[in-house]
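Take a look at the structure below.
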Amino acid sequence: MTTTSQIDSILENRKPIAAETGKTIGQLHAVSAALTNFQCFLPSVASRDIPENTKTQITALQIRLGTFINESIPARIRELGQLQRRFARETLNIGIVGNAGQGKSTFIQSLTNLTDKELPTSSGAKHCTGAPSVIMNDNRIFADVEFYSQTNFIKEIIAPFYSMLQLDNAPASLADFRKMLPTPDFGTDATKQTQFEYLKSLQDNIGLYETLIGRPKIKIEREQFREYIAKIDASGNPIYTWVAVRNVEIHCPFQGADVGAVSMCDTPGMGDFYSAADENLADSVGDNIDAVVMLKRSSMRVGVGDTNLYNLLSKAIPELDREDWSHFILNRDGSASVEEYRAELRDKNIATRRILDVDCRNADEVRKCFGTIIQDIAANQKTLDETLFAKRSENVKALAGELEKFITDANNALPKISDGGMSAAELDKYFAPIFKEFSDFLSLTESYRKNREKPDGELLKKINAIRDNVIKKIHDNLEAVTEKDYQVQTVPNFELEKVHELRLLIASAFDELDDIIEFDFDKLRSEVVSIFQEKGKLAAIWNTDNRQNKDYLLQLAEHWKPIDGSRDIVNAIQRFANALFSFRGNMLHRVREEINPIDQNDPDNFVVEQVSGNDDAAWQHAKKNLIGVSEGVVKSLAAALKEVCGEKNASLFGTIEQFTDGVLRTGGYEDCKQCWREFYDEYKTKIWAEKFKTLADDKELRRQLENGIADVERAVKELR
């Protein structure tokens with residue numbers, strides 16, 4: 001298998017792991033959200049009247065929650081995010097690291113045929129490379145330049161100086177950074193003085209790079225590379241464009257090696273105060289690099305900078321031994337024995353998979369060396385990926401175990417808030433007088449019983465008023481007829497037309513009675529609702545503002561449904577809420593025959609006299625005949641309605657009596673009373689809200705706590 005195919009296989013095998021890792025990250029976020037929600041309730045629990053030892057346990061839970069939310073879970077998310085990015089990459093990334101001036105850029109030039117025009121080497125100028133870059137093996141030659149946002153620039157470039165130099169009031173924006181810097185006294189500390197001078201130079205030259213910060217990514221051609229990467233131009237003059245550059249992704253072909261989908265990551269030199277590389281290198285390696293090549297001039301002794309760099313690798317990927325994913329290249333400059341140098345590395349405990357020596361200026365040597373390293377990485381990377389994934393998965397499992405223990409401890413530590421808060425005897429003490437009062441009032445149907453066979457006075461007045469009004473309309477209608485109105489009509493046709501008109505007028509006139517009837521039924525419902533709300537103390541169960549009586553009763557029925565054995569009571573309340581009596585539905589059919597004298601469809605009872613002739617006397621006689629018959633029909637209908645209007649009162653009585661039986665006597669009075677007792681027990685914290693406010697709060701808090709712990713438990717199970 002070629003190196004290229006090995007690398008392709010590694011990248012393909014990583015894809016499902018990246019997807020699985022992303023899923024776990026989502027689960028960790030869900031756990032964090034559930035814990036944060038649960039955390040909101042603990043102060044309320046601690047404020048309750050509970051034993052001191054319980055408060056101590058709750059405080060301990062809060063501390064552990066803070067650790068989970070602010071430390072443990074974010075750490076696992078960062079680890080897995082790093083892992084997901086690693087496994088989602090389209091290339092195998094090789095980091096070229098080392099102190100400034102060791103030949104990193106020369107090594108890359110030899111491999112890629114890039115020159116000082118694009119990727120400058122130190123050539124005696126210290127710290128020539130400014131912006132970090134990724135060089136990707138590609139047949140094309142171009143680069144994508146990513147700039148810092150203002151927030152990231154302040155956080156990643158400027159703030160580290162303030163931290164290292166212990167300066168107060170780190171800037172929050174570029175405008176803040178423009179302000180005058182403090183003038184601290186570093187005494188004889190030359191390092192800090194140098195760092196401060198670099199920081200001051202960034203401030204003094206902000207106008208040279210400020211406009212680039214926050215710009216979107218751009219694509220540049222080969223001749224523009226140096227402008228965005230280097231700290232000096234071709235003439236050795238300082239430039240500051242690179243300060244705004246977060247990363248440059250260079251595409252160019254690698255020469256003379258079977259490397260496939262490989263990228264090299266070139267980082268600014270260690271000890272480069274401009275970019276605080278010493279502080280950021282570990283994060284950069286962990287996020288972007290699969291394997292590391294440390295590069296060092298053989299003429300320079302192994303020193304503190306080398307051991308510091310080697311130690312940073314442990315921070316980058318602590319789960320892997322540095323020896324398993326790092327290589328060492330000695331840039332042979334003829335000043336020292338390579339074998340002696342290898343011995344010196346062993347003495348400093350710097351162990352890598354391979355130590356190779358190469359003259360970085362010799363392209364053939366570099367390409368051969370790089371090919372050897374890539375072959376070794378390709379053969380070993382699958383094992384490293386599996387090890388890293390397994391260890392970080394173990395970290396997540398360990399966290400899940402800690403969370404499960406937390407759930408157990410939380411369930412044991414939280415106080416068991418009482419569900420009832422009162423004994424049965426105490427409930428009876430409050431319930432019994434209320435039930436007696438509202439049941440007595442509901443039983444007061446005597447007034448409806450007395451009036452059930454009596455016509456309703458208001459209804460009689462309405463019938464008389466409608467009768468008189470209809471008779472007047474009949475007179476006005478017929479008396480207004482003139483000779484001009486019937487010049488082309490005969491008297492018989494006129495009579496037939498008017499009969500239809502008058503019958504419709506009379507039949508529909510009494511529809512107005514429904515206004516009174518509907519009002520009386522709603523008045524009855526209103527009386528019952530008032531008894532429930534005032535005597536039964538049920539006004540507090542739910543908000544009744546602007547609620548119609550019917551709606552209130554239907555809502556009351558809904559509140560009854562959770563009570564065992566409540567079906568008959570629920571039905572009784574719903575029937576009462578929907579009870580209806582109307583003129584057309586309950587009265588008209590009883591008196592409809594009174595209209596028959598002017599109903600041509602009923603020839604046996606039709607009494608309108610057919611007038612012959614067509615002179616004025618005939619017309620006057622016809623009008624008088626129609627007035628007389630119609631007026632008689634109206635009076636007969638009104639009289640008949642008075643006979644049956646007592647049925648409305650009978651219906652009211654029947655409705656309230658049926659309702660009272662349903663809600664007070666279903667299953668027998670005592671059984672029904674027990675059912676009401678259970679209803680009051682269910683809603684006692686609202687009915688006696690003032691007395692049981694604490695109980696209501698505790699019950700709701702307990703529900704929230706139980707739901708909160710259950711949410712955490714579900715999220716943790718998903719994590720497992």
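Here, residue 1 is the first one in the sequence, and each next residue gets the next number.
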Taking every non-hydrogen atom, the tightest pair across Cys252 and Leu114: SG-CD1, 4.1 Å

Nearest-0.5 Å distance that lies between atom [atom1] in [X] and atom [atom2] in [Y]:
X	Y	atom1	atom2	value
Thr24	Leu80	OG1	CG	6.0 Å
Glu386	Ser393	CD	OG	11.5 Å
Ile374	Cys369	CD1	SG	10.0 Å
Asn70	Thr67	CG	OG1	8.0 Å
Asn205	Lys200	CG	NZ	9.5 Å
Phe370	His327	CZ	NE2	10.5 Å

Donor on one side chain, acceptor on other, Ser314 and Arg322, under 3.5 Å: yes

Distance-only donor-acceptor check, side chains Gln381 and Asp290, under 3.5 Å: no

Quick check on [X]: does its [atom1] atom have over 12 non-hydrogen neighbours (other residues, nucleotides or ligands) under 6.0 Å away?
X	atom1	value
Glu90	CD	no
Asp347	CG	yes
Asn139	CG	no

Cationic N near anionic O, under 4.0 Å, [X] to [Y]:
X	Y	result
Glu20	Lys23	no
Glu344	Lys348	no
Asp176	Lys179	yes

Would a distance-only check, ignoring hydrogens and angles, find a side-chain to backbone donor-acceptor pair under 3.5 Å from [X] to [Y]?
X	Y	result
Arg76	Leu399	no
Arg367	Ser110	yes
Arg226	Ile232	yes
Thr36	Ser32	yes
Asp306	Gly303	yes
Tyr228	Ala244	no
Arg361	Thr106	no
Asn247	Glu146	no
Ser163	Pro160	no
Asn380	Asp324	yes

Ile73 and Leu35: CA distance, side-chain angles, deciding distance, side chain to side chain contact (heavy atoms under 4.5 Å, CB included) verdict: CA-CA 10 Å; Ile73 295 177; Leu35 288 172; 3.6 Å; yes

Identify all side-chain donor-acceptor contacts of residues 216-225 below 3.5 Å with residues at least two apart in sequence or on another chain.
residue	atom	partner	partner atom	Å
Arg222	NE	Glu118	OE2	3.2
Arg222	NH2	Asn113	O	3.1
Gln224	OE1	Glu221	N	2.9

Residue pair Val243, Phe153: steps toward the side chain to side chain contact (heavy atoms under 4.5 Å, CB included) verdict: CA-CA 9 Å; Val243 177; Phe153 178 77; 3.6 Å; yes

Steps toward ring pair (Phe, Tyr, Trp, His ring centres under 6.0 Å) verdict (Phe177, Phe161): CA-CA 12 Å; Phe177 182 52; Phe161 285 109; 8.9 Å; no

Pair Phe68 + Phe38: ring centers closer than 6.0 Å: no

Verdict with reasoning, Lys391 to Leu320, per side chain to side chain contact (heavy atoms under 4.5 Å, CB included): CA-CA 9 Å; Lys391 289 189 175 181; Leu320 299 179; 5.7 Å; no

